[in-house]
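Before any comments, here is the structure.
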Amino acid sequence: MVSETVPTSWLVYCRPGFESDALAELQHHAALQGIACESSHGEGWVSLTRVDGEAVNDLHRQAAFKNLIFARQSLAALPALTLSRDDRLTAILEQVKASRWSFEEIWHETPDTNDGKALAGLIKALTKPLESMLKKRGALRRSAGSRRLHIFWTDGDQVQLAMSFPGNRSDLINGIRRLRFPSRAPSRSTLKLEEAWHEFIPRDEWNVRLAPHMQAADLGAAPGGWTWQLVQRGMYVYAIDNGPMESQLMKTGQIDHLKEDGFTWEPPQRLDWLVCDIVDKPVRVLAMVERWLIRKWCKEAIFNLKLPMKKRWDEVTRCLTALEESLEKAGVHANVSCRHLYHDREEVTVHVRLRD
């Protein structure tokens with residue numbers, strides 16, 4: 001058995017209500033490595049702890065954060081602490097000392113719940129004193145390999161210390177990308193496409209891959225939330241929907257609104273982008289997108305898959321496996337990514353980029 005000061009838990013944050021899906025995903029990765037684990041969870045988080053008590057480092061690293069679907073953050077965590085309400089700092093300082101960890105930043109985080117948000121005042125009061133003490137002890141320093149200490153508060157006296165590493169984590173507090181709703185956009189769904197671009201396309205590639213004068217199709221476009229994002233990037237858009245588009249959006253002159261069925265419409269030429277937020281069974285959406293990709297009607301695609309209320313992890317893996325097998329069979333080479341984004345609800349967002 002290793003010391004309890006070694007990280008033995010793999011801790012991830014997730015959307016409240018999706019704990020079973022995040023846990024199923026972690027257990028899948030543990031099983032791939034033949035590692036037996038015990039699970040624990042709370043609202044908005046789950047963790048796996050190795051049964052043999054060994055360090056979780058290999059498991060945490062092998063399951064790269066960029067490949068996880070339901071996790072908002074991925075951390076190597078120490079055993080949870082119960083703090084004295086009279087002295088919350090000593091136990092934290094002692095565990096950091098015993099771990100021999102060093103780090104460049106400290107992030108205080110909570111579950112994405114009302115109870116978690118209620119801890120903001122307490123955390124604010126403790127932040128500066130704790131930073132000062134950790135600097136004096138040499139744990140918080142300028143050069144520490146860009147490692148970050150996460151202090152995850154689940155209650156006023158319940159906390160778990162965890163470490164994140166560059167290239168294998170979210171660099172957003174709580175793993176949440178908060179975007180401001182553009183007042184001129186026709187619907188709040190516009191934020192899903194904007195977040196997807198941030199998630200799947202490096203910011204320094206936007207001017208090339210989301211360039212003005214590109215052509216895109218938005219299937220199931222009305223009233224125009226996703227079309228609005230495309231127009232803002234200067235693209236020309238085929239908006240496919242029998243429903244009405246927002247009138248001000250149509251005045252841009254960058255949209256051809258075709259009142260047709262998005263499942264059967266075919267583009268007049270190869271486009272740069274396909275986007276789709278149609279509410280329908282995943283199998284129907286998947287079949288439609290596969291047709292576009294196999295026939296190479298677009299270079300990149302972003303689409304949502306609406307999920308069932310139960311066994312969402314099973315449905316996602318089934319859909320992604322089917323998509324990848326179809327593309328491979330057709331000789332189409334592509335990179336496929338999938339995330340449960342902050343602005344998603346009962347769906348996941350998939351990005352596909354053709355490589356040829």
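When a residue number appears, it is its place in the shown sequence, counting from 1.
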Any idea which heavy atoms bring E38 and V51 closest together, and the distance? CG-CG2, 3.7 Å

Measure the shortest side-chain to side-chain distance between L130 and T127 over non-hydrogen atoms and say whether it is less than 4.5 angstrom. no

Minimum side-chain heavy-atom gap V159-T154 below 4.5 Å: no

Taking side chain as C-beta onward, heavy atoms only, is R88 less than 4.5 Å from L126? yes

Shortest non-hydrogen contact from A239 toward A221: CB-CB, 3.7 Å

Cationic N near anionic O, under 4.0 Å, R50 to E54: no

Do F103 and L140 come close enough that some side-chain heavy atom pair is under 4.5 Å? yes

Distance-minimising heavy-atom pair for L271 and Q215: CB-O, 3.7 Å

Under the salt bridge (charged side-chain N to carboxylate O under 4.0 Å, His left out) test, which residues partner D256, sequence neighbours left out? none

Do R339 and F65 meet the cation-pi criteria used here (NZ or CZ under 6.0 Å from the six-membered ring centre, within 45° of the axis)? yes

Does the structure place the NZ or CZ of R147 under 6.0 Å from the centre of the six-membered ring of W101, at an angle of no more than 45° from the ring's axis? no

Could R61 and F165 be counted as a cation-pi pair, given that NZ or CZ must be under 6.0 Å from the ring centre and within 45° of the axis? no

W297 and W265 have their tightest heavy-atom pair at CZ3-O, 4.4 Å

Over all heavy atoms of both residues, which pair between R142 and E104 is shortest? Give the atoms and the distance, please. O-CD, 3.2 Å

Would you say that R209 contacts E300 through its side chain, given a criterion of any heavy-atom pair below 4.5 Å between the two side chains? yes

Think R284 forms a cation-pi with F263, using NZ or CZ under 6.0 Å from the six-ring centre and within 45 degrees of its axis? yes

Closest heavy-atom pair, A301 versus L293, reported as atoms and distance to 0.1 Å, is CB-CD2, 4.4 Å

Knowing that exactly one of L193, L249, V237, T252 qualifies, which makes a side chain to side chain contact (heavy atoms under 4.5 Å, CB included) with W228? L249

Is any side-chain heavy atom of S337 less than 4.5 Å from a side-chain heavy atom of K66? no

Lys/Arg N to Asp/Glu carboxylate O, K192 vs E195, below 4.0 Å: no

Is it true that R177 and D171 make a salt bridge, defined as a side-chain N closer than 4.0 Å to a carboxylate O? no

Does any part of the side chain of W45, heavy atoms only, come nearer than 4.5 Å to the side chain of D112, both counted from C-beta? no

Counting distance only, does the side-chain N/O of R295 pair as donor-acceptor with the main-chain N or O of W292 below 3.5 Å? no

List in chain and number order the residues that pass ring pair (Phe, Tyr, Trp, His ring centres under 6.0 Å) with H333, two or more places apart in sequence or in another chain; answer none if no residue qualifies. none

E346 vs M309 side-chain heavy atoms within contact, under 4.5 Å: yes

